[in-house]
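Numbers for residues simply follow the sequence, beginning at 1. Please read all numbers here as calculations on a predicted model, not as lab measurements.
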Amino acid sequence: MIQTEWFLIKKDPDAPSIVDAAGFNRKNYPYFTNAETFSKVDDGVAYYGYSGNFLECDILFEPTFLIHDNLQSLFKFIEPELEFKGVQLYAAQNPKTLATPLYWLPYLEFTDAISESSEIIQGKPIKLILKAEMLQEKRLIHCKLPAADIWALSLEAAECLLRRQPLGFLLEKIFIQK
């Protein structure tokens with residue numbers, strides 16, 4: 001059994017973000033995407049507001065987890081079971097002159113990989129620990145806490161992702177319980 005390191009995909013606090021996602025209906029694009037909500041989502045359009053210079057981040061975390069078109073095929077390669085629905089973004093102000101990026105809403109069944117030894121405060125991970133037996137032969141997992149949508153990558157998958165020099169997120173090492 002080969003053990004590898006795992007990394008949490010986390011929002012970079014310095015990354016620009018969409019400040020107004022009025023076009024994102026929470027019913028259609030909930031924070032947690034499960035099989036039922038994903039089946040109800042159609043490829044769609046949403047409008048965004050921004051502050052300052054708009055920079056297309058490769059992963060958005062609000063109002064839900066979205067992957068930029070640049071990374072969609074890589075994520076599909078990393079985890080062939082991933083399914084996607086497209087979301088074309090248009091600027092609410094100056095839509096003809098600002099970027100209209102394509103993002104993808106990913107769906108992957110939740111994995112029960114979070115160890116009881118994890119330190120969790122108000123439903124968010126402070127020190128995340130994953131169960132080693134739930135990570136076997138996986139390179140990407142999707143977990144859920146009451147207040148956190150968790151996407152984690154194996155070392156090999158993280159290296160593939162970092163070679164693309166992505167913007168807007170950080171990778172934080174996760175502890176593994178053997």
Side-chain angles (χ1 to χ4, degrees), residues 6-13 15-49 56-69 71-72 74-76 78-89 101-131 133-135 138-154 157-158 161 166-177:
W6 279 77
F7 298 88
L8 173 66
I9 302 173
K10 230 177 124 163
K11 182 179 179 186
D12 181 348
S17 64
I18 292 175
V19 295
D20 176 24
F24 283 92
N25 178 331
R26 290 270 182 205
K27 186 177 177 184
N28 291 338
Y29 301 102
Y31 183 66
F32 296 110
T33 304
N34 59 26
E36 181 183 350
T37 57
F38 187 77
S39 69
K40 293 177 183 176
V41 174
D42 290 322
D43 292 331
V45 169
Y47 294 89
Y48 68 90
E56 291 180 38
C57 293
D58 289 303
I59 295 178
L60 299 180
F61 295 85
E62 296 98 20
T64 190
F65 189 81
L66 295 169
I67 298 169
H68 193 280
D69 191 47
L71 297 179
Q72 190 255 0
L74 175 64
F75 271 81
K76 185 68 175 173
I78 290 169
E79 180 50 67
E81 290 184 20
L82 263 179
E83 297 178 52
F84 296 96
K85 302 277 177 96
V87 182
Q88 186 75 56
L89 298 184
L102 175 61
Y103 282 88
W104 296 92
L105 174 68
Y107 169 70
L108 182 63
E109 190 174 316
F110 292 115
T111 302
D112 183 22
I114 299 173
S115 169
E116 299 77 28
S117 302
S118 295
E119 184 180 341
I120 299 166
I121 297 179
Q122 297 181 341
K124 293 185 177 184
I126 303 303
K127 180 180 177 184
L128 190 60
I129 301 172
L130 299 178
K131 303 175 200 170
E133 68 271 10
M134 300 303 292
L135 305 175
K138 294 188 184 272
R139 296 187 290 177
L140 173 70
I141 61 165
H142 186 205
C143 301
K144 170 178 148 172
L145 288 171
D149 189 26
I150 296 169
W151 291 83
L153 296 165
S154 69
L161 183 59
L167 299 172
F169 66 92
L170 304 170
L171 296 178
E172 179 180 288
K173 187 174 177 181
I174 301 173
F175 298 94
I176 307 298
Q177 181 181 41

Sequence-distant partners of [X], salt bridge (charged side-chain N to carboxylate O under 4.0 Å, His left out), two or more places apart:
{"X": "Lys131", "answer": "Asp112, Glu116"}
{"X": "Lys76", "answer": "none"}
{"X": "Glu133", "answer": "none"}

Go through the structure and list residues passing side chain to side chain donor-acceptor pair (under 3.5 Å) with [X], not counting sequence neighbours.
{"X": "Glu81", "value": "none"}
{"X": "Asp58", "value": "none"}
{"X": "Asp43", "value": "none"}
{"X": "Asp69", "value": "Trp104"}

Which pair of non-hydrogen atoms, one from [X] and one from [Y], has the smallest distance, and what is that distance?
{"X": "Pro166", "Y": "Leu71", "result": "CB-CD1, 4.4 Å"}
{"X": "Ala113", "Y": "Leu135", "result": "CB-CD2, 4.4 Å"}
{"X": "Ser117", "Y": "Gln177", "result": "OG-NE2, 3.3 Å"}
{"X": "Cys143", "Y": "Thr111", "result": "SG-O, 3.2 Å"}

Are more than 12 heavy atoms, taken from residues, nucleotides or ligands other than Glu109, located less than 6.0 Å from that residue's CD atom? no
Does Phe32, at its CZ atom, have more than 12 non-hydrogen atoms belonging to other residues, nucleotides or ligands within less than 6.0 Å?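 More than 12 heavy atoms, drawn from other residues, nucleotides or ligands, come within 6.0 Å of this atom.
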With [X] via ring pair (Phe, Tyr, Trp, His ring centres under 6.0 Å) - residues at least two apart:
{"X": "Tyr107", "result": "Phe38"}
{"X": "Phe75", "result": "none"}
{"X": "His68", "result": "Tyr103"}
{"X": "Phe110", "result": "His142"}

With a distance cut-off below 6.0 Å to the six-membered ring centre and an angular limit of 45° from the axis, does Lys10 pair with Phe169 as a cation-pi contact?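 No, Lys10 does not sit over the ring of Phe169.
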Are any non-hydrogen side-chain atoms of [X] and [Y] less than 4.5 angstrom apart?
{"X": "Phe84", "Y": "Ile67", "value": "yes"}
{"X": "Leu8", "Y": "Leu171", "value": "no"}
{"X": "Val87", "Y": "Val45", "value": "no"}
{"X": "Trp151", "Y": "Leu108", "value": "yes"}
{"X": "Ile176", "Y": "Trp6", "value": "yes"}
{"X": "Leu105", "Y": "Tyr29", "value": "yes"}
{"X": "Leu66", "Y": "Ile59", "value": "no"}
{"X": "Tyr31", "Y": "Pro63", "value": "no"}

Is there a donor-acceptor pair closer than 3.5 Å between any side-chain N or O of Asn34 and the backbone N or O of Glu36? yes
Exam field: side chain Arg139 to backbone Ser154, donor-acceptor pair closer than 3.5 Å: no
Output a table of donor-acceptor pairs, distance under 3.5 Å, between side-chain atoms of residues 118-125 and any protein atom two or more places apart or on a different chain; print 'none' if there are none.
from	atom 1	to	atom 2	distance (Å)
Ser118	OG	Ser115	O	3.0
Ser118	OG	Ile129	N	2.9
Ser118	OG	Ile129	O	3.0

I need the Asp12 CG to Leu167 CG distance, nearest 0.5 Å.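 If I round to the nearest 0.5 Å, the distance is 9.0 Å.
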Regarding Glu79 and Lys138, does a basic nitrogen lie under 4.0 Å from an acidic carboxylate oxygen? no
